[in-house]
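All values below were derived from every heavy atom in this structure, side-chain atoms included, with hydrogens, water molecules and symmetry-related copies excluded. A, B, ... follow the sequence lines: proteins, then strands. Residue 1 opens every chain.
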Number of protein chains: 2
Amino acid sequence: MTTADSPARASYHHGDLRHALLAAGMELARDGGPDAVVLREATRRVGVSPNAAYRHFADRDALLSAVSDAALAMLAGRIDALFDAIPSGSPEAVARAQLRAVGTGYVAFALDEPGLFRTAFFVPTNLETSSAASKSGPSGRSPLELLTVALDEFVASGIMPAARRPQAEFLAWSSVHGFALLLIDGPLRALPRAQADAVTQRVIDMVEAGFTAP
Amino acid sequence: MTTADSPARASYHHGDLRHALLAAGMELARDGGPDAVVLREATRRVGVSPNAAYRHFADRDALLSAVSDAALAMLAGRIDALFDAIPSGSPEAVARAQLRAVGTGYVAFALDEPGLFRTAFFVPTNLETSSAASKSGPSGRSPLELLTVALDEFVASGIMPAARRPQAEFLAWSSVHGFALLLIDGPLRALPRAQADAVTQRVIDMVEAGFTAP
DNA sequence: CTTCTTATGTTAACGCTGTCAACACTGTCA
DNA sequence: TGACAGTGTTGACAGCGTTAACATAAGAAG
């Protein structure tokens, strides 16, 4: 266990403090969201003095940003897994399944890890640049890139008019992102998981209909 | 000017401190969002000691909640205005215009007052109970209620299958809310206003298509 | 008109946070 | 061996939310 050497470390130098602080930050974010990512608490958990953090992060915001990126990468991984599990078939079917995978994975992550989800997105700068390398999943593709792949296929397979293609990513993203927020912080908070999953599919239905309607 | 008697008030008692603190809180939220609503700063602006606030608000969260409610009421007012300006016509046309009014007003408020918009919604408890009296517009109808009116008319006028009606509010809300966030904090931040307005209409098109598609 | 009570505002203090400055330890390269 | 850069520590400061005790004003009761 390289993380959390609570009792007391052997050497004066920690060895991998940056990584340890990031891990502690993830823990804090997991149950508590972005506001819970507190620099002093992270150093406390790692067993190091507060100011040691400043050797690895410019300030608290830098730590929070790193945690946010890591959370985004987890989200990407989740979507990636669903994306890659899609069986081959007709181009239309694959495209529809890909769109569904992105939306489903997105919402599922929000439900399973609300704290990390909030941390991933409630940091303003991170909605902005959500396709950087550090924020991608194992395949190296960011959620936005996966969404782009799916939508391009919508056009290529002829089920979406090309005129509707520009900025379609953001229409789809809006719906799923907003829905995730309603689920974890909003009026749908109390919705049982099974029902939440069902309504998620309806959200995706709506998006799909909006793209493919005549 | 009843607000902000900066120099020094005449009497020991302020007179309308609760209101003044709320106004100061709104100012802070307007440029800075929820995190900028700082209790001590609000009292400073009103010209009163920090602890005076505790005679009117249980804690900082109570002040923030009040500010959040006021912001939500402003949003409701904005939507209300568009809603009431809809000319009469066929039931379908009116229903479509109503849905469009809610979405358009929602996004317009987010663009015009991003700080207040964030404050209205990034306080978890306020997405939850967004149809309370204190959060409604001048007409007394909350945004959610206006949306419900529009969607009921979608079914009544026959352009939306009744089977699709349950929880349709949340599908529409998700899209518009998520889109507003992408616009003010996300990748669409730099989008010129005219273009933002145009894409907003496409978001609403998508929602409408999802509701009325065959 | 005085007195008691209640509402409201103030002062003092605590622990928490992020952060700067100065100091201490340690592994590395000359 | 010694300089040096990297890393962790101590001490301190201002700002925050919050509690407890005190001060002042306004109104009700006598």
Side-chain angles (χ1 to χ4, degrees), chain A residues 2-25 27-29 31-68 119 122-125, chain B residues 2-25 27-29 31-68 119 122-125:
Chain A
T2 47
T3 43
D5 45 356
S6 332
R9 62 185 185 287
S11 62
Y12 184 86
H13 286 351
H14 179 283
D16 196 8
L17 185 52
R18 186 192 161 87
H19 185 77
L21 286 173
L22 218 163
E27 261 187 38
L28 292 170
D31 41 60
D35 288 351
V37 178
V38 157
L39 196 146
R40 290 181 100 110
E41 175 63 22
T43 59
R44 216 174 286 134
R45 295 195 177 196
V46 173
V48 95
S49 84
N51 287 349
Y54 287 87
R55 301 293 177 190
H56 302 274
F57 299 95
D59 53 15
R60 186 235 173 201
D61 256 24
L63 170 62
L64 183 54
S65 258
V67 172
S68 182
T119 307
F122 283 33
V123 176
T125 62
Chain B
T2 46
T3 44
D5 44 356
S6 333
R9 63 184 186 285
S11 62
Y12 184 87
H13 285 355
H14 179 282
D16 195 8
L17 184 52
R18 185 190 162 87
H19 185 77
L21 286 173
L22 217 163
E27 259 186 40
L28 293 170
D31 40 60
D35 288 350
V37 178
V38 161
L39 196 145
R40 290 179 102 111
E41 174 62 22
T43 60
R44 216 173 287 134
R45 295 194 176 198
V46 173
V48 94
S49 85
N51 288 352
Y54 287 87
R55 299 296 176 187
H56 302 274
F57 299 96
D59 53 15
R60 186 236 174 201
D61 256 25
L63 170 61
L64 183 54
S65 258
V67 172
S68 182
T119 307
F122 283 35
V123 176
T125 62

Undergrad: Atom CG of A/L17 and atom P of C/dT26: how far apart are they, to the nearest Å?
TA: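 It is 16 Å, rounded to the nearest whole Å.
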Undergrad: Does A/R40 contact C/dT19 through a side-chain donor or acceptor facing the base, at a distance under 3.5 Å?
TA: yes
Undergrad: May I ask you to say what A/R60 touches in the nucleic acid, namely base, sugar-phosphate or nothing, with a heavy-atom cut-off under 4.0 Å?
TA: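 Sugar-phosphate, no base atom in range.
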Undergrad: The side chain of B/N51 is closest to which nucleotide in this list: C/dT17, C/dA21, D/dT18?
TA: D/dT18
Undergrad: With side chains defined as the heavy atoms from C-beta onward, is the minimum distance between A/T43 and A/S49 less than 4.5 Å?
TA: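 No, side chains not in contact.
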Undergrad: Check whether any side-chain heavy atom of A/L28 lies under 4.5 Å from a side-chain heavy atom of A/R45, and answer yes or no.
TA: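 Yes, close enough: below the 4.5 Å cut-off.
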Undergrad: Within this structure, what is the CG-to-C1' distance between B/D35 and D/dC16, rounded to whole angstrom?
TA: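 Rounded to the whole Å, the gap is 13 Å.
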Undergrad: How many Å lie between CG on B/L63 and C1' on D/dT18, as a whole number?
TA: 14 Å
Undergrad: Between A/L39 and B/H56, name the one whose nearest nucleotide on DNA chain C is closer to the 5' end.
TA: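 Result of the comparison: B/H56.
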Undergrad: Distance check needed: D/dA26 C1' versus B/D16 CG, whole Å only.
TA: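 From B/D16 CG to D/dA26 C1': 16 Å.
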Undergrad: When rounded to the nearest 0.5 angstrom, what distance separates CG in B/L39 from CZ in B/R44?
TA: 10.0 Å
Undergrad: For D/dT19, does either OP1 or OP2 sit under 4.0 Å from a side-chain N or O belonging to B/Y54?
TA: no
Undergrad: How close or far is atom P of C/dT17 from atom CG of A/L64, stated in whole angstroms?
TA: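 Distance check: A/L64 CG to C/dT17 P gives 15 Å.
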Undergrad: State which of D/dA12, D/dG17, C/dT10 makes the closest approach to the side chain of B/V38.
TA: D/dG17
Undergrad: Tell me what B/R44 touches on the nucleic acid: a base, only sugar-phosphate, or nothing, going by heavy atoms under 4.0 Å.
TA: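 The answer is sugar-phosphate, as B/R44 gets under 4.0 Å only of primed atoms, P, OP1 or OP2.
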Undergrad: Taking B/V37's backbone N and O only, do any of them form a donor-acceptor pair with B/R60's side chain (distance below 3.5 Å, no angle check)?
TA: yes
